[in-house]
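Written out below as structure tokens is the structure these notes cover.
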Protein chains: 2
Amino acid sequence: MNDSFLHNCLFFTANRLSRSITRIAEEQFASTGLSPMYGYLILLVNGIPGITQKELAEKLYVTPSTLTRFIDKLEAKQLVERKVQGKTVLVYPTVKGQGLEDTIRQASRNLHDSYAALLGEEESDQLSQDIKKTSERLEKK
Amino acid sequence: MNDSFLHNCLFFTANRLSRSITRIAEEQFASTGLSPMYGYLILLVNGIPGITQKELAEKLYVTPSTLTRFIDKLEAKQLVERKVQGKTVLVYPTVKGQGLEDTIRQASRNLHDSYAALLGEEESDQLSQDIKKTSERLEKK
DNA sequence: GAATTAATTTTGTATGTACAAACAAAATAG
DNA sequence: CTATTTTGTTTGTACATACAAAATTAATTC
């Protein structure tokens, strides 16, 4: 039987890629004790202390409700801190969260090196770019 | 603050793409009453009656445990049928599942048309190909 | 300035997916 | 032929993520 309908479908291939790269990313981030998404979230908060949840959700392209859940977890681990200000919530780094900065940056580099070794530096960076542009076009309204 | 570390990261961009294309795919598959992954699973079973769960998991690039869950759901809806044979499980179409074949194929075409309209036919097919090849290289051992 | 609308966050609930361990059957080795 | 190993499936549990509805606060309109 012919299953080209799978491999020609962007939904299918994109999800497959997401699963395989996520597996690698989780390996490389194991040293941080965080999954990759949470690692990047901490880098954002460390880099922009007082950023709102809304802004974080926009930068990470997740829904606000998802972001609430993320911050819940990181706050429980004392890696970030909430300050309610009217209807918005400002998110601040903690000392513990700042302490992870270097480890996370290193994991992020290792992740890059790790897939670049399999795909080639040029090629993988190009693909990231292409995928980013594609997402932008798909998200248009 | 500079968040290029996000947009340069294949983990991040791939997951973003996965979320945006999944949103579109779910819209286009709404007419089938199934999410896209389940739709494709039914096409596989209809096309290869008696395919084993192991083979299905391989074709869909999901783990066997995930596949068990998928078949549980489709069996509950009487869209496929299990036949245990020794230690393997053969999966067969049902009349109801076969009845969905055309609807699913149409949804699949609509999905393709829908993202091709935003990305261009050529470009989106090329990207699917590139992503498929990338996954293959990342899954190498 | 009270009433309505809009913006931000949270909560309840659901889904897709994975891993590790358990289980069952088959294959292989002694 | 019994004992061990391998293979295929299932189960328990967990996590990332979403949507819809609720809650809260701010902004706007009359």
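Heavy atoms only: backbone and side chains are in, while hydrogens, waters and symmetry mates are out.
Using a 4.0 Å cut-off between charged nitrogen and carboxylate oxygen, A:K133 and B:E123 do not count as a salt-bridge pair.
Atom-to-atom, CZ of A:F70 to P of D:dA16 comes out at 7 Å; the value is rounded to the nearest Å.
Residue side chain B:R82 does not reach the base of D:dG8 through any donor-acceptor N/O pair under 3.5 Å, judged by distance alone. The base of C:dG16 lies outside donor-acceptor range of the side chain of A:R16, with no N or O pair under 3.5 Å.
When the nucleotides C:dG12, D:dA16, C:dT9 are ranked by their closest atom to the side chain of A:R69, C:dG12 comes out on top.
Of the two residues near DNA chain D, A:S65 and A:E26, the one whose nearest nucleotide lies more 5' is A:E26.
When heavy atoms are screened at a 4.0 angstrom cut-off, A:R19 is found touching the sugar-phosphate backbone but no base atom. At a threshold of 4.0 angstrom between heavy atoms, the contacts of A:T88 are confined to the sugar-phosphate backbone, with no base atom among them.
Aromatic pair A:Y40/A:F29: ring centres closer than 6.0 Å.
At distances below 3.5 Å, not a single donor-acceptor pair connects side-chain atoms of B:R16 with backbone N or O atoms of A:Y61.
Between D:dA23 and A:K87, no contact under 4.0 Å exists linking OP1 or OP2 to a side-chain N or O. One finds a side-chain N or O of B:K54 lying less than 4.0 angstrom from the OP1 or OP2 phosphate oxygen of D:dG8. Phosphate proximity of D:dA16 to A:T66: absent, as no side-chain N or O sits under 4.0 Å from OP1 or OP2.
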